[in-house]
Amino acid sequence: MPEPTPALLPHVDGVLTGAQVAATAAAIAAMQEPCGAVPWTTGEHVDIWNHVEAAMAMLVGGEVEAAERAYAWVPTMQRADGSFPMKIVDDTVEDDRGETNMSAYPAVGLWHHWLVRRDLDHLRRYWPSVRAALDFVVSLQTGWGGISWTPVDDFCLLTGNASIYHSLRAGVALADLLDDPQPEWELAGGRLGHAIRRHEDRFADKSTYSMDWYYPVLGGALRGDAAHARLARRWDDFVVPGLGIHCVDTNPWVTGAETCELAMALDALGDHERARALLADMQHLREDDGRYWTGWVYDTGRTDEPSDVYWPHEHTTYTAAAVVLAVDALGETYGHSTPGSGIMRGTSLAPHFQELALECGCESALIP
């Protein structure tokens, strides 16, 4: 398949051109390690979730060879139980806990690659790794439906579980395409979706983080009126007009990756205008060469801390990747997109799971 030219790359009219998207994808590839791993920034650690997100962005941004090297590296970090370590530095494991959200996300990357490239050989090559990873993930589901963070940390994280819901839908789509049914994933997905929608109080409280606010929408467990209502409830706590959104509601700090993820959540709900505005607002974090600062501490009038500064003082691959994927999503409405543009909307994924065999004890679980 020929490499895409800038004219065919994703773009959003009036926000980012195809050439600018290509520069950002190239900036991610420039930080890729010789082994194929993509760290948060040069010299920093790697985690599988953000690595896969970077591979997706490089693929749609024209850095196809770099994306393929990134995907080839993923199975080299997988353990016998199907899990991936939480933290890797210089191709060496630094934190060996098997993190469920990170282990689940290669399913999304593999489905996205299929949408963009239609490469069945690639699909078959990495399917065993994805299948083993999702088997590990669902093995850590609790009776009430949440999935534990790691085998040694028995609490459940709402953001991570919302992303796992997305990954399970990608995994079932892959399974259906390859005629390798995985009914246990569908059962786990139904229980998980129910837990996200009905039992948020059982997840660890991380409500100061914006991701816990929007991820149930971005991951797809919430749609329709419930999704709109959720975003409306805390919009003013997190959104800073003209700058982006807070990472946490306690600090005057807007971050690019979270802003782009919220934009993709809005896009999934059909709220394209506000999504495009957020994408445009966070472009103050962009460098001329396509790199992105992680965040910006804005002026609050306080004199006891710095303000109007980039913080941390780093350009991160995960921020750049979120920008590229947001452009691809919104390009379908406002410019040009790839066949993978709906990956966060979930339009090509397996249908939402039925809530069957619930064991949470709530009223819904008692209805025969």
Side-chain angles (χ1 to χ4, degrees), residues 12 14-16 20-21 23-24 27-28 30-31 38-47 49-50 53-54 57 87 89 157-160 163 204-215 217-218 230-266 274-327 330:
V12 171
V15 180
L16 287 176
Q20 288 173 314
V21 167
T24 296
I28 299 172
M31 294 192 227
V38 181
W40 283 18
T41 193
T42 302
E44 256 288 357
H45 78 274
V46 181
D47 73 68
W49 198 102
N50 285 293
E53 190 93 331
K87 189 174 182 180
V89 179
L157 297 174
L158 181 59
T159 294
S163 180
D205 183 9
K206 303 289 182 182
S207 57
T208 59
Y209 290 85
S210 59
M211 287 192 295
D212 258 30
W213 166 55
Y214 64 74
Y215 242 95
V217 179
L218 182 62
R230 183 181 185 85
L231 295 185
R233 277 196 300 273
R234 300 206 63 193
W235 184 268
D236 292 338
D237 293 338
F238 289 112
V239 177
V240 183
L243 291 180
I245 76 167
H246 291 139
C247 176
V248 292
D249 62 10
T250 55
N251 298 332
W253 177 44
V254 294
T255 48
E258 283 82 353
T259 302
C260 289
E261 287 184 332
L262 176 58
M264 287 187 279
L266 291 167
R274 285 201 299 179
R276 184 186 181 279
L278 283 170
L279 179 64
D281 284 350
M282 61 80 59
Q283 295 307 315
H284 64 95
L285 298 174
R286 183 180 178 86
E287 295 275 44
D288 289 342
D289 63 1
R291 295 177 297 165
Y292 280 84
W293 295 96
T294 300
W296 174 260
V297 179
Y298 57 87
D299 187 6
T300 61
R302 293 174 58 173
T303 59
D304 60 337
E305 62 184 11
S307 60
D308 283 344
V309 293
Y310 295 115
W311 190 87
H313 198 76
E314 62 185 15
H315 302 96
T316 40
T317 56
Y318 60 80
T319 303
V323 171
V324 172
L325 294 180
V327 169
L330 287 165

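Note that this is a predicted model, so its numbers are computed, not measured.
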- Message: Ignoring hydrogens, what is the shortest heavy-atom contact between Pro306 and Val309? Give both atom names and the distance.
- Response: CB-CG2, 4.2 Å

- Task: To the nearest 0.5 angstrom, please state how far the CG atom of Leu266 sits from the CZ atom of Arg276.
- Result: 14.0 Å

- Is there a side-chain contact between Val327 and Gln20, using heavy atoms and a 4.5 Å cut-off? no

- Close side-chain approach of Val254 and His284, heavy atoms under 4.5 Å: yes

- What one should report as the nearest heavy-atom pair of Glu258 and Ile245 is O-CD1, 3.4 Å

- Query: Would Thr250 and Thr208 count as having a side-chain donor-acceptor pair, cut-off 3.5 Å?
  - Reply: no

- Message: Rounded at 0.5 Å granularity, tell me how far OG1 in Thr317 sits from CZ in Arg291.
- Response: 12.5 Å

- Rounded distance (nearest 0.5 Å) linking atom CE of Met264 with atom OG1 of Thr259: 10.5 Å

- To the nearest 0.5 Å, how far apart are SG in Cys247 and OH in Tyr209? 6.5 Å

- Item | Val323 vs Met282 side-chain heavy atoms within contact, under 4.5 Å | yes

- Item | Flag side-chain contact, heavy atom, 4.5 Å: Ser210 against Asp249 | no

- Taking atom types as modelled and ignoring hydrogens, do the side chains of Asp212 and Thr159 form a donor-acceptor contact shorter than 3.5 angstrom? yes

- Query: Does the Thr316 side chain pair with the main chain of Thr41, one donor and one acceptor, at a distance under 3.5 Å?
  - Reply: no

- Task: May I have all residue pairs that pass salt bridge (charged side-chain N to carboxylate O under 4.0 Å, His left out) and include part of residues 239-248, sequence neighbours excluded?
- Result: none

- Note on the structure: Pro39 and Val46 have their tightest heavy-atom pair at CA-CG2, 3.6 Å

- Would you say the side chain of Trp40 lies within less than 4.5 Å of the side chain of Met31, judging by non-hydrogen atoms? no

- Query: Can you check whether Asp299's main-chain N or O pairs, donor with acceptor, with Asp308's side chain at less than 3.5 Å?
  - Reply: yes

- Message: Which heavy atom of Ser163 sits nearest to which heavy atom of Tyr215, and what is that distance?
- Response: CB-CE2, 4.0 Å

- Verdict with supporting geometry, Leu16 and Arg286, side chain to side chain contact (heavy atoms under 4.5 Å, CB included): CA-CA 11 Å; Leu16 287 176; Arg286 183 180 178 86; 4.0 Å; yes

- May I ask you to decide if the ring planes of Trp213 and Phe238 are parallel, tilted or perpendicular, using 30° and 60° as cut-offs? parallel

- Query: Yes or no on side-chain hydrogen bond (donor to acceptor under 3.5 Å, both in side chains) for Tyr318 and Glu53, after CA distance, side-chain angles and deciding distance?
  - Reply: CA-CA 7 Å; Tyr318 60 80; Glu53 190 93 331; over 6 Å; no

- Query: Looking at side-chain heavy atoms only, is the closest gap between Trp296 and Leu285 below 4.5 Å?
  - Reply: yes

- Message: Looking at Asp288, I'd like to know if its CG atom is crowded, meaning that more than 12 non-hydrogen atoms belonging to other residues, nucleotides or ligands lie closer than 6.0 Å.
- Response: no

- Query: Can we call the ring centroids of His246 and Trp253 under 6.0 Å apart?
  - Reply: no

- Note on the structure: d(Tyr214 OH, Leu231 CG) to nearest 0.5 Å is 11.0 Å

- Query: Do Lys206 and Leu158 touch side chain to side chain, with heavy atoms closer than 4.5 Å?
  - Reply: no

- Over all atoms of both residues, closest heavy-atom pair of Ala54 and Val38: CB-CG1, 3.7 Å

- Item | Beyond-backbone contact of Glu287 with Tyr292, side-chain heavy atoms, under 4.5 angstrom | no

- Item | Rounded distance (nearest 0.5 Å) linking atom CE of Met211 with atom OG1 of Thr255 | 8.5 Å

- Task: Provide the closest heavy-atom pair for Gly244 versus Asp281 in the form atom of the first, atom of the second, distance.
- Result: N-CB, 4.1 Å

